[in-house]
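Below is one structure, written out as structure tokens, with a few remarks after it.
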Amino acid sequence: MSKNKEEGTGAAAKTPLRKRIKWDLVALAASAVALYGLSLAFPDKGERAMVASWEFFKEMAFVLPALMILMGLFAVWVDRRIVVKYLGKGSGTGGLFLAIVLGALPTGPLYIAFPLAAMLLKKGARVANVVLFLSAWACIKLPQELMELQFLGWKFMLLRLGLTIAVLIPMALLAEVLYHRGERGRIEPFAEEEVEMVEESLGIKAPRTGPAETEA
Amino acid sequence: MSITAIVINAFVVFCLTLSLIKDREKTKAALLIAWNATKRLAPSVLAVVAVIGLIVGFIPPRWIATSIGGDSGVIGLLIAALLGSILFIPALIAFPLAKSLLDMGAGVMAMAAFITTLTMIGFIFLPIEIKELGKRFAFLRNGLSLVAALIIAVVMGLVLG
């Protein structure tokens, strides 16, 4: 299991991040050089570009620090164990909504969610719940919604949020049906002891007698 | 500063105060996480600011209208969905980018497709998702997400477009 742990947290946490930061800098350098060069070549258009950049920068600077702090607060105050506790085996239809709510809590980047989701599957959680949890983690986050509200307005934000939830639920159920159709490539549920070992290695060991456990 | 920005800031200040009262150390840790995340996001923020300048200043609105404009229909939808699927732009800074494109004449449908695919489908994360959850799960989830994103975008375009 220690091999699994290394692959899960070590590789996932380091490589993509390093790759991404490089791309960030490349994109920044390229766009900055292009903006500067074109502005020198076409001064009147350049002025319009600079004004637009400055306006958007100001608007982002007004909200981004607050959203970053909000994410930090959630990361510190919301215990990731609740996900394992509530989405384990035996959570029914209510589990679908719970999966969305738990996924939407801004507690970390997407690559943290994958080992968590794998754990849930191995623990025997519903595939639909795990799909919903991951999708919600990816696209329904409180800070994201606030940013959307700020820039695209409440109509756009609310409609997209409502549609996302409405479409994701049947999609997750369909994914579950398709996932179970063929046995090849399926993740076999782990034995009790194995689950405990993975939980311990991820530092997300759920209390033995959580509600999800007793229901099942 | 817009009213939305003021409300957001007030809300966060309220949460921060509450957190400070309850636990000083935890709040400190939260601020450290926030600071590190800000440092990580900073190059992307500045890049998007420059890209927005390029879009508003140098891309002829006609190009945007014909490629992803309100009347571009299926083509615009697919272009936006494809870009959203393959690009990796942190969601937080994708919204200002989408706003600038909307201002320049992009269609609601295309922008909804862009944002939704951007957040829902991460090709950059696909290898990790496969490693952790298996090919079957990863392909099913991402494939169906694409379908979901297109449905969401079409309805958004019909309602708000």
Side-chain angles (χ1 to χ4, degrees), chain A residues 7-8 12 16 24-25 27-28 31-32 34-35 38 45-46 48-50 52-53 56-57 60 62-63 66 68-73 75-76 110-111 114-115 117-118 131 134-135 138-139 143-144 146-152 155-156 159-160 163-164 167-168 171 174-175 178-179 185-187, chain B residues 1-2 4-5 8-9 12 15-16 19 26 29-31 33-34 37-38 40 43-47 49-54 56-58 88 91-93 95-96 98-100 112 116 119-120 122 124-125 128-129 131-137 140-141 144-145 147-148 151-152 155-156 159-160:
Chain A
E7 279 179 7
D24 286 355
L25 294 176
L28 174 57
S31 51
L35 183 61
L38 283 170
K45 282 184 177 176
R48 239 180 71 196
M50 292 300 180
S53 282
F56 272 89
F57 177 75
M60 286 163 92
F62 282 142
V63 281
M68 290 298 170
I69 291 173
L70 190 62
M71 274 192 272
L73 287 174
V76 173
L110 191 59
Y111 54 76
F114 292 132
V131 170
L134 271 184
S135 300
C139 65
Q144 281 178 29
L146 291 175
M147 198 70 175
E148 187 167 359
L149 180 69
Q150 159 86 354
F151 280 93
L152 299 175
K155 258 192 206 163
F156 192 100
L159 183 63
R160 212 177 64 85
L163 280 170
T164 303
V167 173
L168 275 184
M171 187 204 94
L174 179 64
L178 293 175
Y179 186 78
R186 261 187 67 185
I187 291 184
Chain B
M1 210 183 207
S2 70
T4 316
I8 291 171
N9 277 286
V12 174
C15 292
L16 192 62
S19 172
K26 269 192 169 180
L31 288 176
I33 292 172
T38 308
R40 227 173 29 232
S44 304
V45 170
L46 295 176
V49 164
V51 167
I52 287 173
L54 286 172
V56 174
F58 298 102
F88 182 75
L92 279 181
I93 56 170
F95 296 113
K99 169 81 163 76
S100 74
T116 311
T119 48
M120 239 188 240
I124 193 168
F125 288 129
I128 312 170
E129 189 167 356
K131 200 191 295 175
E132 295 285 339
L133 293 153
K135 263 191 186 145
R136 191 182 181 79
F137 184 98
L140 265 176
R141 196 185 76 81
L144 287 172
S145 291
V147 178
I151 295 173
I152 291 167
V155 177
M156 297 256 334
V159 176
L160 296 178

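The figures that follow rest on heavy atoms only: side chains count, while hydrogens, waters and symmetry mates do not. Note that the structure is a prediction, hence the values are computed from the model and not measured. In the text below, chain A, chain B and the rest are named by the order of the sequence lines, each starting its count at 1.
Note: A/I69 CD1 to B/I33 CD1 = 12.0 Å, rounded to the nearest 0.5 Å. Separation of atoms SG (B/C15) and CG (A/L73) is listed at 6.5 Å; rounding is to 0.5 Å.
When the shell of 6.0 Å around CZ of A/F57 is examined, it contains 12 or fewer heavy atoms from other residues, nucleotides or ligands.
Counting only heavy atoms from C-beta outward, the side chains of B/F137 and A/L134 approach each other to under 4.5 Å. A/M68 is listed as a side-chain neighbour of B/L92, based on a closest heavy-atom distance under 4.5 Å.
Remark: side-chain polar atoms of A/S53 are paired, donor with acceptor, to backbone N or O of B/G53 under 3.5 angstrom. Counting only distance, with no hydrogens or angles, the side chain of B/R136 and the backbone of A/Y179 share a donor-acceptor pair below 3.5 Å. Checking side-chain atoms of A/Q150 against main-chain N and O of B/T4 turns up no donor-acceptor pair under 3.5 Å.
When each of B/L144, B/L140, B/V147 is tested with A/M171 by the rule side-chain contact (heavy atoms from CB on, under 4.5 Å), just one qualifies, namely B/L144.
The two residues B/V12 and A/A66 have their closest heavy-atom pair at CG1-O, 3.4 Å. A/A49 and B/F58 make their closest contact through CB-CE1, 3.8 Å (heavy atoms, listed as atom of the first residue, atom of the second, distance). Closest heavy-atom contact between A/F62 and B/A5: CB-CB, 4.4 Å. Smallest separation of non-hydrogen atoms from B/V56 and A/R48: O-NH2, 2.7 Å. Closest non-hydrogen pair, A/P115 versus B/E132, comes out as CA-OE1, 3.5 Å.
In terms of non-hydrogen atom pairs under 4.5 Å with chain A, the most contact-rich of B/A29, B/A50, B/P96 is B/P96. Of the listed residues A/A27, A/A52, A/S135, the one with more heavy-atom pairs under 4.5 angstrom with chain B than any other is A/S135. Chain B forms more heavy-atom pairs under 4.5 Å with one residue of A/R160, A/M71, A/K45 than with any other, namely A/R160.
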Begin with the C-alpha distance, continue with both residues' side-chain angles, and end with the deciding distance and a verdict on side chain to side chain contact (heavy atoms under 4.5 Å, CB included) for B/F95 and A/V63.
-> CA-CA 12 Å; B/F95 296 113; A/V63 281; over 6 Å; no

Evaluate the criterion side chain to side chain contact (heavy atoms under 4.5 Å, CB included) for residue pair A/F56 and B/K99; output intermediate values, then yes/no.
-> CA-CA 9 Å; A/F56 272 89; B/K99 169 81 163 76; 3.7 Å; yes

Show your working on side chain to side chain contact (heavy atoms under 4.5 Å, CB included) between B/M120 and A/L168 and close with a plain yes or no.
-> CA-CA 10 Å; B/M120 239 188 240; A/L168 275 184; 4.0 Å; yes

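Using a 4.5 Å cut-off between heavy atoms, B/I151 contacts chain A through its side chain alone, with no backbone atom that close. Both the backbone and the side chain of B/L54 come within contact range of chain A, each with at least one heavy atom under 4.5 Å from a heavy atom of that chain.
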